[in-house]
Amino acid sequence: MAENKVALVTGASRGIGKACAIELAKAGYDVAISYAGNEEAANKTIEELNALNVKAKAYKFNVADKESCAKAVEEVLADFGKLDVLVNNAGITRDGLFMRMSSDNWEAVINTNLNSAFYMTNPAIKTMIKQRSGCIINMSSIVGQMGNAGQANYSAAKAGLIGFTKSLAKELGSRNVRVNAIAPGFIQTDMTKDLDPEKMAEHIPLKRLGQPEDIAKTVKFLAEDATYITGQVIGVDGGLVI
Ligand code: NAP
C-alpha cells in the first residue's frame, strides 16, 4: 500500500481548521493538527480523525512564537516522516475602531495571523523543496481584499497573507511547491458567533453564511486536484465579493 500524504493544519481544534483536517483525512491524508490551549476540543478532533483510519496527532503551541513553530514543524517531521501540505489557518480577531486600537491588539493580531505564516512556512518549505513537491494554503479573508471598519489590524494581516502567497508562489514554483490563499466570507464558527446570521445573509448572493466544510472542500481541492494553480486567492464567500 502506498504511504499516506501528510498534512499539517494549524488551529484545527475547532472551526474551519477542524473541518479542513477531517476533509483531508477523508482524502487519505495523515494529519497533524495544532491548537493554542483548548485540549478538550483538540482531543475530540483527534478522536474523529482516528475514526477515519489515518494517523493523527495534536501539537499545542502558540503560532505567534517563532521558536515554538520551528520546534513544532521539526516534531511533525520526526513523527510523520514528511510534510506534503501546510494549512496556515490559526487566527484570532481583536476588533475595535482604529482610533482606540491598542498596540497590544494590533500586535496580537499581526503576530497570530500574519507572522505565524512566516514562522510555520519557513521551516516547512525546506522539506518541501527537498521533496520537490508541496502545497501551502494560507487562510486569508474577504476583509483582506475589502477592508472592514473595526478590523484594521485583522484586515492588514489578511491582506499581508495575500502578498505573501503571491510572492512565495513565484519563488517556489520552479520547485513544484504551490502556494495559494483562501478568502472566506462569513463562516459559522466561534469566531463569528456574535453575528446575526439572518441579517448577514441578506447581503450574501447565496443567502446563507458559509459552513466550515465549504472552506474544507476548497482546501482539499487545492491540495489534491489543483495541480496547475498557484499564487491565487480563492474566494469562498457565497458571492459576497463580486
Ligand atoms: P475559531 O473557530 O476561532 O478557531 C481558531 C483556531 O485557531 C482554534 O483551533 C484555536 O485553538 C487556534 N488558535 C488561535 N490562536 C492561536 C495561537 N496563538 N496559536 C495556535 N493556535 C491558535 O476560528 P475560525 O473561524 O475557524 O477561523 C479559522 C481561520 O479562518 C482564521 O485564520 C480566521 O481568521 C479565518 N477566517 C475565518 C472566517 C470566519 O467567518 N469564521 C472568515 C474569514 C477568515 P484553541 O481551540 O486551542 O483556542
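In listed order, ligands and their atoms are each counted from 1.
There is no path of hydrophobic side-chain contacts, each under 4.5 Å, that joins Ile136 to Val85. Side-chain heavy atoms closer than 4.5 Å link hydrophobic residues (I, L, V, M, F, W, Y) into clusters, and following such links, possibly through other members, connects Val6 to Tyr59.
Using a 4.0 Å cut-off between charged nitrogen and carboxylate oxygen, Lys71 and Glu75 count as a salt-bridge pair. For the pair Lys82 and Asp30, the salt-bridge criterion is not met [side-chain N within less than 4.0 Å of a carboxylate O]. For the pair Glu224 and Lys5, the salt-bridge criterion is met [side-chain N within less than 4.0 Å of a carboxylate O].
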Solution key, residues 158-165 side-chain donor-acceptor pairs under 3.5 Å, sequence neighbours excluded:
unit_1 : atom_1 : unit_2 : atom_2 : d
Lys158 : NZ     : Met139 : O      : 2.8
Thr165 : OG1    : Asn138 : ND2    : 2.9
Thr165 : OG1    : Leu161 : O      : 2.6

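Taking a heavy-atom cut-off of under 4.0 Å, ligand 1 is surrounded by Gly11, Ala12, Ser13, Arg14, Gly15, Ile16, Tyr35, Ala36, Gly37, Asn38, Phe61, Asn62, Val63, Asn89, Ala90, Gly91, Ile92, Thr112, Met139, Ser140, Ser141, Tyr154, Lys158, Pro184, Gly185, Phe186, Ile187, Thr189, Asp190, Met191, Thr192.
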